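Only one structure is covered here, and it is reproduced in the block below.
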There are 2 protein chains.
Amino acid sequence: MAIRDYKDDSFLSLLRPLVEAYLAFYRVGNRHIQSLGLTPGQFDVIAELEGTEGLTCAELAEHTLTTKGTLTGVLDRLELKGLIQRGDVSGDRRATKVQLTPKGAILFQQVFPVHAEYMRPFFAQALNESEVQVAKQLLRRIRDSFNDPIRQSSIGSQPTEYSSIDTSTT
Amino acid sequence: MAIRDYKDDSFLSLLRPLVEAYLAFYRVGNRHIQSLGLTPGQFDVIAELEGTEGLTCAELAEHTLTTKGTLTGVLDRLELKGLIQRGDVSGDRRATKVQLTPKGAILFQQVFPVHAEYMRPFFAQALNESEVQVAKQLLRRIRDSFNDPIRQSSIGSQPTEYSSIDTSTT
DNA sequence: TATTGTTATACTCTATAACTATA
DNA sequence: TATAGTTATAGAGTATAACAATA
């Protein structure tokens, strides 16, 4: 498998701008979320729950891209803060339904618009209306391409020519 | 400050596609980096050091968006793996110059093209050449807007109408 | 047997602040 | 006094695997 000169590869040259745009955005937004006493992971869970009747842990784990084990800890902390509650699922006694409490719902409804309003000028300064439409479309295609499970499995099955290099500690 | 209906705000509707595109990309790339025995933070440091004569800890911390304290731990682990080395800076005996070892340089030179080649089809599947050029330009403008320190300080100085909600544990 | 969620372990990152050795 | 890097601490996310209850 011949490896091209990646510096001249127009597709790969998109990698850095994508990372940089996201990280610049993330850094600003994260600072704001932290000032609310939440972590990004906790905010994610609340945002996913908002507008639903409740989700199971399995559904939440899938949406927030974490494992069940990690999620348990995040939910514990949110429950301690009184922002979510765990309940039964009728029909499956193994499952747990996670819902926002009234306090959690109010928090999101107050916080998200403020957060959105906080972020808006950054986007408005960067792009005009029609450019936003273009950007959205292109970003969605990038997302869909990386979320395509067929491509992932076929590409992912060619590992490690570099495995001659040992990065382990011992 | 009147808060618009954010669901109809075309600027804010860009927020979700940006996050989703990045996360989809990140998830795929991260899985690949992990298979090399590195964490994202460690890979970042190596990528920053590549092609330099060495950077100080302060420079590295700035580039990788972490604090000095966090960086020390990351560097310790990379040093254990023999991928970086710490040396003196002539002229300032407080400072430390961090460099890739030959092993680290070889790792990057082997790993990055493979990593890039691994990622390329995902982008190529999503966009054609001219769309890539457009996307790059728009993403750079988003990045620059969020990195603009003037805007950040003026915007950031309007905090917490939502601070009536207490998210603390005790 | 398979699935749901929790628990346990071990590691990494994070923010913050105190500390040292220089400057 | 200020800066460069380390150390210390406490919290939070991560991957993995074992586990109990249920399906």
Side-chain angles (χ1 to χ4, degrees), chain A residues 23 26-27 29-46 54-81 83-99 167-170, chain B residues 23 26-27 29-46 54-81 83-99 167-170:
Chain A
L23 286 183
Y26 177 82
R27 201 170 28 148
N30 194 29
R31 220 180 292 151
H32 192 236
I33 286 171
Q34 265 179 256
S35 73
L36 313 175
L38 296 174
T39 66
Q42 291 169 10
F43 187 80
D44 263 15
V45 167
I46 291 175
L55 299 173
T56 64
C57 292
E59 290 168 334
L60 263 179
E62 191 190 338
H63 286 41
T64 58
L65 305 179
T66 55
T67 59
K68 293 181 298 176
T70 300
L71 190 65
T72 297
V74 176
L75 294 179
D76 287 347
R77 282 163 225 128
L78 285 173
E79 202 171 26
L80 262 178
K81 292 177 180 174
L83 300 176
I84 63 137
Q85 60 194 11
R86 290 187 243 224
D88 295 338
V89 171
S90 68
D92 189 340
R93 288 169 59 188
R94 294 171 306 179
T96 301
K97 182 159 79 175
V98 183
Q99 285 180 300
T167 61
S168 65
T169 298
T170 2
Chain B
L23 286 183
Y26 178 80
R27 201 169 28 148
N30 195 27
R31 220 179 294 150
H32 192 236
I33 286 172
Q34 264 180 257
S35 74
L36 313 176
L38 295 175
T39 66
Q42 291 169 9
F43 187 79
D44 263 16
V45 167
I46 291 176
L55 299 173
T56 64
C57 292
E59 289 167 336
L60 262 179
E62 192 191 335
H63 287 38
T64 58
L65 305 180
T66 55
T67 58
K68 293 181 297 175
T70 301
L71 189 65
T72 297
V74 175
L75 293 179
D76 287 347
R77 284 164 225 126
L78 285 172
E79 201 170 26
L80 263 177
K81 291 178 180 173
L83 300 176
I84 61 136
Q85 61 194 11
R86 288 187 244 224
D88 295 338
V89 171
S90 68
D92 188 341
R93 288 171 56 189
R94 295 171 306 180
T96 302
K97 183 159 79 173
V98 182
Q99 285 179 302
T167 61
S168 67
T169 298
T170 352

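Note: hydrogens, waters and symmetry copies are ignored here, and every other heavy atom, side chains too, is used. In the text below, chain A, chain B and the rest are named by the order of the sequence lines, each starting its count at 1. Please read these numbers as outputs of a predicted model, since none were measured by experiment.
Under the 4.5 Å side-chain criterion, counting only non-hydrogen atoms from C-beta, B/Leu78 is not in contact with B/Val98. Looking only at side-chain heavy atoms (C-beta outward), B/Arg86 and B/Asp76 come within less than 4.5 Å of each other. No side-chain heavy atom of B/Asp44 sits less than 4.5 Å from a side-chain heavy atom of B/Thr66. When side chains are defined from C-beta on, A/Val45 counts as touching A/Leu71, because their heavy atoms get closer than 4.5 Å.
Proximity note for A/Ala95 (side chain, C-beta onward) versus C/dT7, C/dT4, C/dT14: the nearest is C/dT4. When the nucleotides C/dA23, C/dT14, C/dG5 are ranked by their closest atom to the side chain of B/Asp92, C/dA23 comes out on top.
Across all strands, A/Thr96 comes closer than 4.0 Å only to sugar-phosphate atoms, never to a base (heavy-atom distances). Within the nucleic acid shown, A/Val74 comes within 4.0 Å of sugar-phosphate atoms alone, with no base atom in reach, counting heavy atoms only. When heavy atoms are screened at a 4.0 angstrom cut-off, B/Thr39 is found touching the sugar-phosphate backbone but no base atom. B/Gly69 comes within contact range of at least one nucleobase, with a heavy-atom separation under 4.0 Å.
One interatomic measurement links the two molecules: CG of A/Leu71 to P of D/dA12, which rounds to 15 Å at whole-angstrom precision. Residue B/Ile33 contributes atom CD1, which lies 16 Å from atom C1' of D/dA15 at whole-angstrom precision. For B/Leu75 and C/dT14, the CG to P distance is 13 Å, given to the nearest whole Å. Nucleotide D/dT6 holds its P atom 11 Å from the CG atom of B/Leu60, rounded to whole Å. One interatomic measurement links the two molecules: NZ of A/Lys97 to P of C/dG5, which rounds to 13 Å at whole-angstrom precision. Atom-to-atom, CG of B/Asp76 to C1' of D/dG5 comes out at 11 Å; the value is rounded to the nearest Å. Nucleotide C/dA21 holds its C1' atom 13 Å from the CG atom of B/Asp88, rounded to whole Å. One interatomic measurement links the two molecules: CG of B/Leu65 to P of C/dC13, which rounds to 14 Å at whole-angstrom precision.
Using a cutoff of 4.0 Å between basic side-chain nitrogens and carboxylate oxygens, B/Asp92 and B/Lys97 are not scored as salt-bridged.
Nearest-nucleotide assignment on DNA chain C puts the 5′-proximal partner with A/Arg94, out of A/Arg94 and A/Gly73. Where B/Lys68 and B/Gln34 meet DNA chain D, the nucleotide closest to each residue was compared, and B/Lys68 sits on the side nearer the 5' end.
In this structure, B/Arg77 does not reach the C/dC11 phosphate: none of its side-chain N or O atoms is under 4.0 Å from OP1 or OP2.
For B/Arg93 against C/dT22, no side-chain N or O and base N or O form a donor-acceptor pair under 3.5 Å.
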